[in-house]
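In what follows, a structure is listed as structure tokens, so that the remarks can point back to it.
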Amino acid sequence: MAFFLVLSTASGLAAAQETPRWGLGIGTAVSDSVYAGEGTRVTPFPLVSYEGERFFWRGISGGAHLVKGAAFTLDATLSARIDGIDRDDFGADELARNGIDRRLLEDRDDAFDLGLAASWRGAAGQLTIGAKGDVTGASKGFEASVTYAYPIQWGAARISPNIGVAHYSKKLANYYYGTLPEEVARGVRRYEPGSAAIARVGIDVVRPFAGRWAVIGSVSYRKLPGKLSDSPLLEKDLDGVVSGFIGLSRGF
């Protein structure tokens, strides 16, 4: 789930300075699942990135530069939200311990979000403020976020520690962390966490080598507030999620 955000960030860092430029490669993401009984997700997939004067694509997100300057960028964005889960991927025993019958649940669908993102870059680092909303009708919710990163050049490697917070709207949080009205009608206990803020800290690393090749690595931790971690859909006593990513990419 959260590792797909890591992928988008890392793919953007891996893009070279030339424009336009393609990047192709392969990567593997590993993430603890928040959902009861699902365990660890290990997902190999191709890496595709493109950096043009107007348009860009980075992993599972892309968009168009509405304003592009040396210190300020305003983008229209389209990004995938891979937070969904099929009902059968929950652990039946783990849900039962939380008082939930898996057979009464609905799938939680992935989605696409459309939004805006503004970034300011300078000697003090990079600040990004974004807002995006579901345009596929899965949750019908929205997310607003603030992220600060401080890129550091260490030899050939570029290291970018980052920290941020994301605000989930009531509809978004209720869809992925609560129980749905149709589930409650079948007898599942009602749980609606309402809007929530999720803090995140991470570090991204890009190490170019052999000309246009680059190794991409990242790790992040998301802190879940009590109203989300108390969800009967989640693992008991879970208050945070660790995600990691490693990939190899070549620019063209």
Review point. Looking at residues at least two apart in the chain, or sitting in another chain, which of them share a salt bridge (charged side-chain N to carboxylate O under 4.0 Å, His left out) with K140?
Key: none

Review point. Distance from E51 atom CD to W22 atom CH2, nearest 0.5 Å?
Key: 11.0 Å

Practice item. To the nearest 0.5 Å, tell me how far E38 CD sits from L234 CG. Key: 10.5 Å

Quick check on the hydrophobic clustering: are [X] and [Y] connected, directly or via other members, by side-chain heavy-atom contacts under 4.5 Å?
| X | Y | answer |
| --- | --- | --- |
| L47 | L78 | no |
| V206 | W213 | no |
| I246 | F209 | yes |
| I60 | V135 | no |

Go through the structure and list residues passing side chain to side chain contact (heavy atoms under 4.5 Å, CB included) with [X], not counting sequence neighbours.
| X | value |
| --- | --- |
| N98 | A36, P232, K236 |
| A197 | V165 |
| P225 | A196, I198, K227, L228 |
| D110 | I82 |

Exercise for review: Ignoring hydrogens and angles, state whether a donor on the side chain of S61 or S79 is under 3.5 Å from an acceptor on the partner side chain.
Suggested key: no

Check your understanding: Is any side-chain heavy atom of Y168 closer than 4.5 Å to a side-chain heavy atom of Y176?
Key -> no

Residue list, side chain to side chain donor-acceptor pair (under 3.5 Å) with [X], at least two apart or on another chain:
| X | result |
| --- | --- |
| T28 | none |
| D101 | R103 |
| R102 | none |

Study note, to complete from the structure: Here the pair of heavy atoms bringing L180 nearest to N174 is CD2-O, 4.3 Å

Check your understanding: How would you list all residue pairs meeting ring-ring contact (aromatic ring centres under 6.0 Å, His included) that involve residues 76-97, not counting sequence neighbours?
Key -> Y35-F90

**Study point:** side chain to side chain contact (heavy atoms under 4.5 Å, CB included) partner of D113, chosen from T136, L172, D134
**Key:** D134

Check your understanding: With sequence neighbours left out, what residues match F56 under ring pair (Phe, Tyr, Trp, His ring centres under 6.0 Å)?
Key -> H65

Point to revise | Neighbour count above 12 (heavy atom, 6.0 Å) for Y221 OH | key: yes

Check your understanding: How about Y150: does its OH atom have over 12 heavy atoms from other parts shown lying under 6.0 Å from it?
Key -> no

Using a 3.5 Å cut-off and no angle test, enumerate the donor-acceptor pairs between side-chain atoms of residues 116-129 and protein atoms at least two apart in sequence or in another chain.
unit_1: S119; atom_1: OG; unit_2: T128; atom_2: OG1; d: 3.0
unit_1: R121; atom_1: NH1; unit_2: T73; atom_2: OG1; d: 3.1
unit_1: R121; atom_1: NH2; unit_2: G69; atom_2: O; d: 2.9
unit_1: R121; atom_1: NH2; unit_2: T73; atom_2: OG1; d: 2.8
unit_1: Q126; atom_1: NE2; unit_2: T128; atom_2: OG1; d: 3.4

Review point. Are R81 and Y175 in a cation-pi setup, meaning NZ or CZ lies under 6.0 angstrom from the ring centre and within 45 degrees of the ring axis?
Key: no

Check your understanding: Is a donor on one side and an acceptor on the other found under 3.5 Å between the side chain of T179 and the backbone of Y191?
Key -> yes

Review point. Can you check whether T40's main-chain N or O pairs, donor with acceptor, with S33's side chain at less than 3.5 Å?
Key: no

**Study point:** Any pair counted as salt bridge (Lys or Arg N to Asp or Glu O under 4.0 Å), so long as it reaches residues 177-196, sequence neighbours left out
**Key:** E106-R186, R108-E183, R190-E192

